[in-house]
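One structure below.
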Amino acid sequence: MSQHLRKVIAAILIPFGAAVLVGLVVLWPGGAPAHERTGVGFDRQTQQATVTKVVSVSCASVNASGDTPTGDTSTAEGSSAQQQASGTCKRATIRVDTGDDKGRTFTEIVQPDQTRQLEQGEKVVVAYEPSAPKDLQYSVTDVNRRIPMAVLAIIFAVAVVVVGRLRGVMALVALAISFMVLNFFVLPAILQGSNPLVVAVVGSSAIMLIALYLCHGLSARTSVAVLGTLISLLLIGVLGSLFIDWAALTGNTDDNTGLIHGLYPSIDMSGLLLAGIIIGSLGVLDDVTVTQTSAVWELHEANPAMGWRGLYRAGIRIGRDHIASVVNTLVLAYAGAALPLLLLFSIAQSSVGAVANSELVAEEIVRTLVGSIGLVASVPVTTALAALVVSADRPGSGKAPVTAQEAVPAASAGAAVAGSAPARGGRGRRRKR
């Protein structure tokens, strides 16, 4: 790239990078604020434990009431009560493996209709409630999945490195840095009371700069992708803020967001929703902008004489296919995540309008459509930027111009080798003037 274009790109990106760095310094939280645990949901003390023994017992002998329940056994409640009265339960002995009570054991009754049935030797997660009676301080909350999750992560890392080689290694490093920015900056800063939207913009910008330049190198091509991503993120932020306010979305729609609002009432939950939209769109935006920029660069390499309009038209044809696949991917990803919720609405025989009007679904619709609009807009924006930048430099633009005296012998020699008439060479020189 010419020095002029390098200066133009640097004049845009260097102040932007400096602003991101200043934002990180000013908003740096220094850790999440402490609070007194409520013992509700995820806000519980947990330890690792092992199921050491499981024996079968009569449910009637271990349940609180030995009376046979009455009611309609065709309902879920009646069927469960009947099983608890006449079925076979399990008495599991669990040993605590971590914490101050390491080695302590307790028992837990597993009902026959429970989804999770404990097995001997199984690793589990137990919750600890110090204010409860001693026999009831510990209870099993989940299965310990650390080993399968670690194995899956290793398989993923190996696959990325084997296929991507050095680029794959850099992608994994960028992924680790992204998680560090989220864990040490974005989440603690929001908990400290900073504006979620400002924190999300600064954090996502830092992730974007680090990931793109680390994976794709310091080049004009990467800088164009950064500019395209930045413009698209700004559009997503504006649209998200507009429609979250217009649709009166509070961001407080389930137990987890309710717990967050209860622990930290100062957090702007609608701002947190908008921050999630911006960060969630960033990963797909990177893919679209980098792909479009690379496509335009390769088109220019294949035909250096193509002007910026031709490059834009060719690049946008590639982008249309990308748009169709990416938008469909986003919609299906959100639909898959909300499948149990959609199933509940189907069971209730709710109309499509009623489903879409509920805040829980409306949030996902706004999230999906705003992110998709940003993705669609990133294609023409990035393609136009790449076409303008790459067409501004022509092959040999950095070399000294060839004079007419130097061109005559070269053209004559070429014509002699090719067996062409000298007159053709002359006409070619006249056209070049």
Checking Asn252 against Thr250 for the side-chain hydrogen bond (donor to acceptor under 3.5 Å, both in side chains) test, could you report, in this order, the C-alpha distance in whole Å, the side-chain angles of both residues, the deciding distance, and whether it holds?
CA-CA 5 Å; Asn252 189 1; Thr250 63; 5.9 Å; no
Holding to ring pair (Phe, Tyr, Trp, His ring centres under 6.0 Å), I want the full list of residues that pass it with Phe243, two or more places apart in sequence or in another chain.
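Residues passing ring pair (Phe, Tyr, Trp, His ring centres under 6.0 Å) with Phe243: Trp246.
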Listed partners of Ser194 passing side-chain hydrogen bond (donor to acceptor under 3.5 Å, both in side chains), at least two apart
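side-chain hydrogen bond (donor to acceptor under 3.5 Å, both in side chains) check on Ser194 returns nothing, list empty.
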With Thr52, which residues qualify under side-chain contact (heavy atoms from CB on, under 4.5 Å), at least two apart?
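With neighbours one apart ignored, the set is Thr93, Arg95.
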Suppose we screen for side-chain contact (heavy atoms from CB on, under 4.5 Å). Which residues come up paired with Ala159, at least two apart in sequence or across chains?
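With sequence neighbours excluded, Ala159 shows a side-chain contact (heavy atoms from CB on, under 4.5 Å) to no residue whatsoever.
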Checking Gln117 side chain against Gln111 main chain: does a donor-acceptor pair fall under 3.5 Å?
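Yes, Gln117 side chain to Gln111 backbone: donor-acceptor pair under 3.5 Å.
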Side-chain donor or acceptor of Glu298 paired with backbone N/O of Ala295 under 3.5 Å:
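Side chain of Glu298 to backbone of Ala295: no pair is present.
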Would you check if there is a donor-acceptor pair between the side chains of Gln47 and Arg104 at a distance under 3.5 Å?
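The criterion, which ignores hydrogens and geometry beyond distance, is not satisfied for Gln47 and Arg104.
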Atom pairs and distances, side-chain donor-acceptor, residues 217-227, under 3.5 Å, sequence neighbours left out:
unit_1, atom_1, unit_2, atom_2, d
Ser219, OG, Thr222, N, 3.3
Ser219, OG, Thr222, OG1, 3.1
Thr222, OG1, His216, O, 3.3
Thr222, OG1, Gly217, O, 2.9
Ser223, OG, Tyr213, OH, 3.0
Ser223, OG, Ser219, O, 3.0

Under 3.5 Å, sequence neighbours excluded: what are the donor-acceptor pairs made by side chains of residues 167-178?
unit_1, atom_1, unit_2, atom_2, d
Arg167, NE, Cys215, O, 3.2
Ser178, OG, Ala174, O, 2.9

Identify which one of Asp245, Val238, Ile244 satisfies the side chain to side chain contact (heavy atoms under 4.5 Å, CB included) criterion when paired with Ser241.
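One option only clears the test, and that one is Asp245.
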Please report the C-alpha distance between Gln292 and Thr383 in whole Å, then the side-chain angles of each, then the deciding distance to 0.1 Å, and finally whether the side-chain hydrogen bond (donor to acceptor under 3.5 Å, both in side chains) criterion is met.
CA-CA 6 Å; Gln292 284 302 115; Thr383 304; 2.8 Å; yes
Begin from the C-alpha positions of Thr289 and Thr382 and carry the test side-chain hydrogen bond (donor to acceptor under 3.5 Å, both in side chains) through to its verdict.
CA-CA 6 Å; Thr289 55; Thr382 307; 5.3 Å; no
